[in-house]
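Everything below concerns the one structure shown next.
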Amino acid sequence: MKKNKQKNYTEKIKVTGAEAVALSLIGEGIKHAFGYPGGAIMPIHDSLYKHKNSIDHLVVRHEQAAVHAAQGYARSTGKVAAVFVTSGPGATNLITGLADAFADSTPLVCITGQVTEALLGSDAFQEVDIISISASVTKWNYQVTKAREVPEIVAKAFYIAGSGRPGPVLIDITKNAQLSELDFNYVKCKGIPGYTPYPVPDKNHIEKAAALINSAFKPMVLIGQGILLGKAEGELLKFINKTGMPVASTLLGLSAIPTTHPQFVGMLGMHGNYSPNIKTNECDLLIAIGMRFDDRVIGDPKRYGINATVIHIDIDQSEIGKNIRAHIPLTGNAKDVLSWLNKLVIKRDHQEWLLEFANCFEKEFREVISNDINSSSSEINMGEVMDTINKNSSGNEIFIIDVGQHQMISARYLKLSVPRSFITSGGLGTMGFSLPAAIGAKTGSKDKSVIAIMGDGGFQMNIQELGTIAQSGLPIKIIILNNSYLGMVRQWQEMFFDKRYAFTEMKNPDFVKIAEGYGIQGKRLTEKTDLDGSIKILLDSKAPFLLEIAVQKLGNVFPMVPAGASVDQVILKPADNKDI
C-alpha cells in the first residue's frame, strides 16, 4: 500500500476488528496518530504497525500527552486527529485531555482498548467503565463489543467529531471485538438522523442584523475560535473591511485576523487590552461571532454591554443567550452567516470611533506596554521576550502556549499574521498543555517553525515528553519563562490575599541538564544583553532546542479586570485595585 494514499474499501474483505480499525482510519485519510500501547489495545497497535507506511503512529510518554498532541495537530491543521490508548489507567489518563478538547471544541477520535465483553462489569484487571467516565467530556462515545460494528462506528465517530461544533469522541473497543473477524467494507458517514450539525439561520434575523450594522454609530465585532473552526477568515476580513468596525478577539480567536490589521483593537477579557474592555460599555452594537461570552471575557454579566444591542452568531444554539442576552440570534456556521451579511451590509467608515480606541491604546502603552517591552528592571520581563521574538520571527511560526502569566503576555504581545498560529488551552486552562501540543502541531505542520512557550510550573507537568521529542527528532523550539513561582496564582495572592504566597514558590531542577539528558541541546539565560542573541540561536536551530529564561520573579500582568468586576473597571497598575 502506498504511503498516505487514501483508499475506499467498497468491496467486502475478511479482516479482524483490529485490522478494520486501521483500514477505517486509512479510509478517513488519517496520516498521523498519537498514543501509548498496552494489553487491551495490543491487537489494534499490531494492525497499525502493519500499516505504518500509511499511518505514522507517534508514541508519547503519557496518555494525557497523547490527547494534547492530537489537539495540537487538529488545531494547527483543521483536521480530525486520532488517539489510541489501552484500558484502565490508559483510558482514565485521557480524561483531562478530553475535557480540554471538549471545552475548546477540538475534533478528536480517541480509541481505547477494553477487556473482553465476557469480563465487562467483573472488575477484571485494568477494567474501568470509560464510557460513563468520559460521557460529560465527549461529544459522543460508544462501546464496540462486536467486530462487525467497527466500520460504521468509526465512520460515525469521525463525522460527529469534525462536523458542526467540533469536539472529541471516544470509542471503547473490547478485546474480543478486536480479535474476531468481519466482512469489512468502509463507507464514510455523511449524515445521522436527528443530528443537524449545520443549522440555517433565520433569513429575517440576517436582514435585521444587517440593518443594525448599517445604522450603528459605535459598533464592535467580537471574534472567537468559531472563525477558525468555520474557516471563515476570508469572510471576516471582507466583513470588517466593508463595515469599517473595530474588531477585538477572545484568547482562542487570536490569529483569525492579523494583529497588524488597522481595525484590530486587541484581546478581550481579564488580561486583555484596555480599549476593547473599556469601550464595550460604550458600544451601541456588539456583533459576537463564534465566541461564547466566557466569564473571563464578560466579567459581571449584569454590567456587560449595557448600552448595546447584541447580535450573536454561533453554530451551537445552546451558546446563544446562555451568558449574555442575544437580541438578534443567528445560529449557523460563521462562514455562511458572514457570506450572507456581506451581501447586505453597506460600506461604512468609523474612523472617529476607531480614534477613541487608539487614544485608549496610547494610555495603555504609556502605563503598561512601554514598561513590559522595555523594562527599566535589571531582570528580564516576559514582555521583552515576546518583543524580541517578534523582531526575529519570520511570520511562519506556530506558537503553542501553556497556561499562566506567560500565556497572557504571549497573547498580548506576539505578532500573528496567519490563521492557526496561536494555540493554547482556553476553556479548561490546562497546565502542561504546551509541550505535547507542540509535538502534534509540528507533526501536522512540518513546514512551520513550532515554538512552545511555557512556565516552569507547566513544563514540569509533562516534562517527560522531552523523550517523545528526542525520539521523534521533531525540531521543536522550547522556551521556559522561569520565575520560580506559579506566577498567575502568586499575582492573585499579592493582589487579593495580602501577599500570602501560599504554596506557589517553586524549587526547580536544572532544566538544561534534564534536556541534555534526553539528548536535546539547551541554554539558560539570565542577562538581558544576551536575550536577542539567544532567541536567534533558538529560532535558527535545526534540531530540538530548549531555552530557559530567568524572568522577573514578582512580575505581574496588567491590565487586569478582577473576577466579578465590570469590564470597564480595568486595573492598569496595582494601586488601581483600591478603587474596585
Side-chain angles (χ1 to χ4, degrees), residues 21 24-25 28 30 32-36 41 44 57-58 60 62-87 90-114 128-144 153-173 189 192 195 197 225-226 228-230 252 290 292 315-316 318-319 400 420 423-430 432-433 436-437 439-441 443-444 462:
V21 171
S24 296
L25 262 67
E28 287 290 337
I30 296 299
H32 302 279
F34 307 88
Y36 200 92
I41 195 80
I44 290 177
H57 184 281
L58 194 148
V60 295
H62 190 282
E63 290 88 356
Q64 180 185 337
V67 187
H68 292 329
Q71 288 177 273
Y73 180 91
R75 288 176 61 181
S76 63
T77 64
K79 300 175 182 178
V80 181
V83 175
F84 294 91
V85 301
T86 195
S87 63
T92 57
N93 281 344
L94 293 180
I95 296 302
T96 296
L98 286 171
D100 194 283
F102 189 71
D104 289 350
S105 304
T106 307
L108 311 176
V109 172
C110 297
I111 295 177
T112 56
Q114 184 57 276
V128 295
D129 183 1
I130 195 61
I131 294 298
S132 296
I133 292 171
S134 66
S136 66
V137 290
T138 52
K139 191 176 177 183
W140 181 68
N141 65 15
Y142 187 88
Q143 186 174 73
V144 172
I153 295 303
V154 171
K156 188 175 180 180
F158 275 92
Y159 178 72
I160 291 173
S163 60
R165 180 179 182 175
V169 167
L170 183 139
I171 308 172
D172 190 44
I173 307 179
C189 182
I192 299 170
Y195 172 51
Q225 191 186 199
L228 296 162
L229 295 174
L252 293 186
R292 58 192 177 89
I315 200 167
D316 186 350
S318 69
E319 293 293 353
I400 314 293
R420 299 183 179 273
I423 297 171
T424 191
S425 171
L428 198 65
T430 305
F433 171 88
I439 294 169
T443 300
N462 272 311

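The model shown is predicted, which means the values in this text are computed figures rather than measured ones.
Here D172 pairs with nothing under the salt bridge (charged side-chain N to carboxylate O under 4.0 Å, His left out) rule; sequence neighbours left out. Scored by the ring-ring contact (aromatic ring centres under 6.0 Å, His included) test, F102 finds no partners at all (sequence neighbours excluded). Here H57 pairs with H45 under the ring-ring contact (aromatic ring centres under 6.0 Å, His included) rule; sequence neighbours left out. Remark: Y36 pairs with no residue by the ring-ring contact (aromatic ring centres under 6.0 Å, His included) rule, at least two apart or across chains.
Expressed to the nearest 0.5 Å, how far OG1 of T92 lies from CD1 of I133 amounts to 6.5 Å. To the nearest 0.5 Å, atoms NZ (K139) and OG (S163) are separated by 4.5 Å. The CD1 atom of I173 sits 4.0 Å away from atom CD1 of I44, with the distance rounded to the nearest 0.5 Å. Rounding to the nearest 0.5 angstrom, the gap separating the CD1 atom in I400 from the OG atom in S425 is 12.0 Å. The CD1 atom of I153 sits 13.0 Å away from atom CZ of F158, with the distance rounded to the nearest 0.5 Å. Taken from OG in S76 to CG in L228, the straight-line distance is 12.0 Å, to the nearest 0.5 Å.
For V137 against P168, the heavy-atom pair with the smallest separation is O-CG, 3.5 Å. When all heavy atoms of G444 and T77 are compared, the pair lying nearest together is O-CG2, 3.5 Å. Across all their heavy atoms, H68 and T430 have their closest contact at NE2-CG2, 3.8 Å. Here the shortest heavy-atom pairing between L98 and V67 reads N-CG1, 3.8 Å. Residues G162 and V80 share a closest heavy-atom pair of CA-CG2, 3.8 Å. Nearest heavy atom pair, residue A74 against residue P107, reads CB-O, 3.8 Å.
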Which is it for Q64 and N462 under the side-chain contact (heavy atoms from CB on, under 4.5 Å) test, yes or no, and what are the steps along the way? CA-CA 9 Å; Q64 180 185 337; N462 272 311; 3.9 Å; yes
Run the numbers on L25 and F84 for side-chain contact (heavy atoms from CB on, under 4.5 Å), then give the verdict. CA-CA 12 Å; L25 262 67; F84 294 91; 3.3 Å; yes
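K156 places none of its side-chain heavy atoms less than 4.5 Å from the side chain of Y142. For the pair S87/I41, no side-chain contact is recorded, criterion being any heavy-atom separation below 4.5 Å from C-beta on. The side-chain heavy atoms of L428 and F433, taken from C-beta on, include no pair separated by under 4.5 Å. Within the 4.5 Å cutoff, the side chain of I315 has no heavy atoms near those of the L229 side chain. Between V144 and I171 there is a side-chain heavy-atom pair separated by less than 4.5 Å. Between V85 and N93, the closest side-chain pair of non-hydrogen atoms is not below 4.5 Å. The closest side-chain heavy-atom distance from I130 to I95 is below 4.5 Å. Counting heavy atoms from C-beta outward, T138 and V169 have side chains that stay 4.5 Å or more apart.
Within the structure, every pair that satisfies the salt bridge (Lys or Arg N to Asp or Glu O under 4.0 Å) test and touches residues 158-167, not counting sequence neighbours, is listed here: R165-D316, R165-E319. Sorted by first and then second residue, the pairs that involve residues 93-111 and meet salt bridge (Lys or Arg N to Asp or Glu O under 4.0 Å), not counting sequence neighbours, are R75-D104.
Q114 places a side-chain N or O within donor-acceptor distance of the main-chain N or O of V128, the cut-off being under 3.5 Å.
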